[in-house]
2 protein chains.
Amino acid sequence: MDGKPYIAQRPKRADGRRNYDAILAAARKAFESAGADASLEDIASQAGVAIGTLYRHFPTRASLVEAATRDGLENLVAHAERLTAGPDPLDALIAWMREAVVHFSTFRGLVGILAQSMYDEGTPSHTMCSAMHRSGADLLRAAQAAGRVRPDLTPDELFDLLSGAAWVREQATPDRDGSARFLELLLEGITTRD
Amino acid sequence: MDGKPYIAQRPKRADGRRNYDAILAAARKAFESAGADASLEDIASQAGVAIGTLYRHFPTRASLVEAATRDGLENLVAHAERLTAGPDPLDALIAWMREAVVHFSTFRGLVGILAQSMYDEGTPSHTMCSAMHRSGADLLRAAQAAGRVRPDLTPDELFDLLSGAAWVREQATPDRDGSARFLELLLEGITTRD
DNA sequence: GATTTAAGCTGAGGCAACCTCAGGATGTCA
DNA sequence: TGACATCCTGAGGTTGCCTCAGCTTAAATC
């Protein structure tokens, strides 16, 4: 939309770095337990820092979420590259999809943010989302080239399916997590018959 | 959880009914354009009523959402009954699923509330959700009895699939609505081959 | 070690939304 | 025309968001 997205950067000064890290740690914990709309003032006070300091390092909630989930998404991309080298492209795609669903539902509200970021440049998470999109698209293409996945499935559609599965997982209570089954049924729909 | 859910009831006195209806109309409009977390104070003022009046009729946001969506869900249940009489149980199930996805995504945030209500008694929408669950389960059972849908699919799983599809639709921008395709792929996964 | 200065920190305060409740208004019924 | 239950009002307490003017301090320089 407007200008480039703000990606939080670890600051230079020692006290700055200390606070940055403390805020990030507190945010991860808070998001985990209260979802993506956890109170920022709580996060600041958990980190032992004034609210202004949180805003200095992370001017928007989205930038904080981005920083808190960057590692996970980087891993996902890295893992995709490793999987590409494997023998079976369908197995690779499936393994990656499972992992993606888990990452997308790290905490309540995350999938929504990622789905938003996927198609909205000017969003902090957009960069990582695009990278992930590419990883997935590569794995998909390979599986399609091997004739193992229906050729008319597009990467965008793949991401819709993954987001849907992740959303269901996000909603689920510990005793009722249908996401594995959800993915299984999806796979049934997108793989080719033999 | 605690006690029975509060289901908003149309009040007795003429001014009460007038306000109740006005609030409901304003709420529908607001939910449509701002999602389920639209400002209640805005809704009240749009309805030409003080905030206290809104709370009198609808003590919680969930009760207002319930009232605003009750008709739609009732229709869905009624339609299921009509469909049961049809010749082809798979066609009936599919038609109903399409309709369900549309209803679930009437406005942003609704699927989340419904998914919540489905398994949480003590929620205003729980009653309607259960009724819907039953409708869907009936149609599913019929299609399974006819050997048209994989027999191991449970009603709960069916609702996970529908919610996932609805969520994707809810997220979609007008130019990018993958929900039809989503459902198509799901159907591929749950129908039996011939 | 003292000086300088850019980087960082603080928290009061304005704003918006939520929700409650005491006091006042009014439809309805007899 | 009362009497009264129902209904309405809106001020105000609370929480969370976010900004900014003023203060502190790490670290680079001399």
Side-chain angles (χ1 to χ4, degrees), chain A residues 2-3 5-27 29-31 33-68 107-109 113 123-124, chain B residues 2-3 5-27 29-31 33-68 107-109 113 123-124:
Chain A
D2 42 49
Y6 179 93
I7 306 283
Q9 268 178 330
R10 203 146 173 277
K12 305 269 167 57
R13 247 171 66 168
D15 53 349
R17 271 195 316 254
R18 221 172 17 245
N19 287 335
Y20 179 97
D21 291 343
I23 293 167
L24 210 44
K29 200 172 296 180
F31 289 154
S33 68
D37 51 356
S39 157
L40 297 181
E41 313 218 279
D42 273 4
I43 292 175
S45 88
Q46 280 299 314
V49 136
I51 184 65
T53 300
L54 185 148
Y55 278 98
R56 172 171 187 80
H57 293 302
F58 306 98
T60 65
R61 179 181 293 273
S63 71
L64 182 52
V65 169
E66 192 275 338
F107 49 79
R108 206 163 36 73
I113 294 172
T123 283
Chain B
D2 42 49
Y6 178 93
I7 306 282
Q9 267 178 334
R10 202 143 175 279
K12 306 270 169 52
R13 248 171 65 170
D15 54 349
R17 270 192 319 250
R18 220 173 18 245
N19 287 333
Y20 178 98
D21 291 342
I23 292 167
L24 211 44
K29 200 172 298 183
F31 288 153
S33 67
D37 51 356
S39 156
L40 297 181
E41 313 216 278
D42 273 4
I43 292 176
S45 88
Q46 280 300 314
V49 138
I51 184 66
T53 301
L54 184 148
Y55 278 99
R56 171 174 186 79
H57 293 301
F58 307 98
T60 65
R61 181 181 293 273
S63 70
L64 182 52
V65 169
E66 192 276 338
F107 50 79
R108 207 163 36 74
I113 294 172
T123 282

Atom pairs and distances, side-chain donor-acceptor, residues 58-68 of chain A, under 3.5 Å, sequence neighbours left out:
from, atom 1, to, atom 2, distance (Å)
Thr60(A), OG1, Ser63(A), N, 3.0
Arg61(A), NH1, Ala36(A), O, 2.9
Arg61(A), NH1, Ala38(A), O, 2.8
Arg61(A), NH2, Ala38(A), O, 3.2
Ser63(A), OG, Thr60(A), N, 3.3
Ser63(A), OG, Thr60(A), O, 2.7
Glu66(A), OE1, Arg70(A), NE, 3.3
Glu66(A), OE1, Arg70(A), NH2, 2.9
Glu66(A), OE2, Arg70(A), NE, 3.1

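Taking the ring pair (Phe, Tyr, Trp, His ring centres under 6.0 Å) definition, one finds that Tyr55(A) meets it with nothing, sequence neighbours left out. Legend: residues meeting side chain to side chain contact (heavy atoms under 4.5 Å, CB included) with Ser45(A), ordered by chain and number and at least two apart, are absent. Asp37(B) is linked by a salt bridge (Lys or Arg N to Asp or Glu O under 4.0 Å) to nothing, counting only residues two or more places apart in sequence or in another chain. Remark: Asp15(A) pairs with Arg13(A), Arg18(A) by the side chain to side chain contact (heavy atoms under 4.5 Å, CB included) rule, at least two apart or across chains. Under the salt bridge (Lys or Arg N to Asp or Glu O under 4.0 Å) criterion, Asp42(A) pairs with no residue, sequence neighbours left out. Not counting sequence neighbours, Arg17(B) has no partner by the side-chain hydrogen bond (donor to acceptor under 3.5 Å, both in side chains) test.
To the nearest angstrom, C1' of dG10(D) lies 14 Å from CG of Leu54(B). Here the P atom of nucleotide dG10(D) and the CZ atom of Arg56(B) are 16 Å apart, to the nearest Å.
Of the side-chain N and O atoms in His57(B), none sit less than 4.0 angstrom from OP1 or OP2 of dC7(D). At the phosphate of dG8(C), neither OP1 nor OP2 sits under 4.0 Å from any side-chain N or O atom of Thr53(A).
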**OP:** Could you encode protein contacts along nucleotides 18-30 of chain C as a string, one character per nucleotide from 5' to 3', using B for base contact, S for sugar-phosphate-only contact and - for no contact, with a heavy-atom cut-off of under 4.0 Å?
**Re:** BBB-----BSS--
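Considering CG of Leu40(B) and CD1 of Ile51(B), their distance stands at 6.0 Å, rounded to 0.5 Å.
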Check the interface with nucleotides 2-4 of chain C: list each N/O to N/O pair with the protein under 3.5 Å, or write none.
none

